[in-house]
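One structure below.
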Amino acid sequence: MSKKSQHVSETPATQFLRHHKVEFTEHVYDYVEHGGTAESARQLGVDEHAVVKTLVMQDEKAQPLIVLMHGDCQVSLKELARQIPCKKVEPCKPDVAQRHSGYMVGGTSPFGIRKAMPIYVEAGILELPKVCINGGRRGYLVGIAPRLLVGLLAARPVQCALAAE
């Protein structure tokens with residue numbers, strides 16, 4: 001648990017997890033604009049590689065999809081497009097991402113999303129014993145077993161990680 005132990009109200013993500021009887025830990029940190037996973041990992045004292053970011057993207061037909069990526073890596077858009085397969089993948093603009101997911105950028109969770117969309121998970125994430133992923137609010141992560149991403153979300157493993165620059 002993080003050093004902060006304040007109560008966190010329910011989010012669509014935690015409601016989803018509780019509904020599916022998923023065990024998870026709660027990790028609260030002070031959200032820093034543009035701090036990203038490096039900041040949350042630092043505050044929580046966890047490896048940034050095990051902090052999973054939820055990225056809302058779209059294909060060439062503007063169809064949304066979610067990519068779950070290691071916090072310390074970037075997505076190879078070209079490799080992702082090749083594997084899913086489509087011609088092109090790009091990040092959604094923040095307002096579009098929010099409209100698709102129902103979450104504010106910086107607080108996007110793959111659990112309890114507003115609109116059903118395909119979810120892809122970097123295969124290396126599934127090899128970790130535990131990951132921290134957004135719990136549906138800025139400054140709030142949940143710790144889960146990564147295999148749940150496939151079981152609960154039908155996330156499809158892909159290999160599209162680029163080391164962060």
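For the pair S109 (side chain) and N134 (backbone), a donor-acceptor distance under 3.5 Å is present. S101 contributes a side-chain N or O that, together with a main-chain N or O of A97, makes up a donor-acceptor pair within less than 3.5 Å. With hydrogens and angles disregarded, a donor-acceptor distance shorter than 3.5 Å links the side chain of E60 to the backbone of K87. Without hydrogens or angle criteria, Q83 side chain to V158 main chain gives no donor-acceptor distance under 3.5 Å. Under a 3.5 Å cut-off, the side chain of H20 and the backbone N or O of F16 do form a donor-acceptor pair. Under the 3.5 Å distance criterion, the side-chain polar atoms of R156 are left unmatched by any main-chain donor or acceptor of P118. Using modelled atom types, one side-chain atom of E122 and one backbone atom of C160 make a donor-acceptor pair closer than 3.5 Å. Side chain of K130 to backbone of A50: no donor-acceptor contact under 3.5 angstrom is found. No donor-acceptor pair under 3.5 Å is formed between the side chain of T108 and the backbone N or O of T54. When atom types are taken as modelled, the side chain of Y103 and the backbone of A13 share a donor-acceptor pair closer than 3.5 angstrom.
Residues L77 and P91 have side chains in contact (heavy-atom distance under 4.5 Å, counting atoms from C-beta outward). Annotation: side chain of C92 is in contact with side chain of H100 (closest heavy-atom distance under 4.5 Å). P94 has its side chain out of reach of M104: every pair of non-hydrogen atoms, C-beta onward, lies at least 4.5 Å apart. Within the 4.5 Å cutoff, side-chain heavy atoms of Y31 are placed close to those of E33. For the pair R99 and V96, the minimum side-chain heavy-atom distance is below 4.5 Å. Looking at heavy atoms from C-beta onward, S9 lies in side-chain contact with R137 at the 4.5 angstrom threshold. Side-chain contact between F111 and I144: present, with at least one pair of heavy atoms (C-beta onward) separated by less than 4.5 Å.
Residue V67 is not grouped with residue I133 when hydrophobic side chains (ILVMFWY) are merged at heavy-atom distances under 4.5 angstrom, including chains of intermediate members. Under a hydrophobic clustering in which Ile, Leu, Val, Met, Phe, Trp and Tyr are joined whenever their side-chain heavy atoms come within less than 4.5 Å, directly or via other members, M69 and L153 fall into different clusters. The hydrophobic cluster containing V131 also contains L148, counting ILVMFWY residues as joined when their side-chain heavy atoms lie under 4.5 angstrom apart, directly or transitively. The same ILVMFWY cluster, assembled from side-chain heavy atoms under 4.5 Å apart, contains both L149 and I119. The cluster map of Ile, Leu, Val, Met, Phe, Trp and Tyr, joined by side-chain heavy atoms under 4.5 Å apart, puts L152 and I125 in the same cluster.
Counting non-hydrogen atoms of neighbouring residues, nucleotides and ligands closer than 6.0 angstrom, the CD atom of Q159 reaches no more than 12 such neighbours. Counting heavy atoms of neighbouring residues, nucleotides and ligands inside a 6.0 Å radius, atom CZ of R147 does not exceed 12 of them.
Atom CG in L141 sits 13.5 Å away from atom NZ in K53 (nearest 0.5 Å). Atoms CE and NZ, from M57 and K88 in turn, are 12.5 Å apart once rounded to the nearest 0.5 Å. From E23, atom CD reaches atom CG of L17 across 11.5 Å, with rounding to the nearest 0.5 Å.
Of the listed residues (T37, V51, L128, D47), just one forms a side chain to side chain contact (heavy atoms under 4.5 Å, CB included) with H70, and that residue is L128.
Contact record, C86 with V89: SG-CG2, 3.4 Å, taken as the closest heavy-atom pair.
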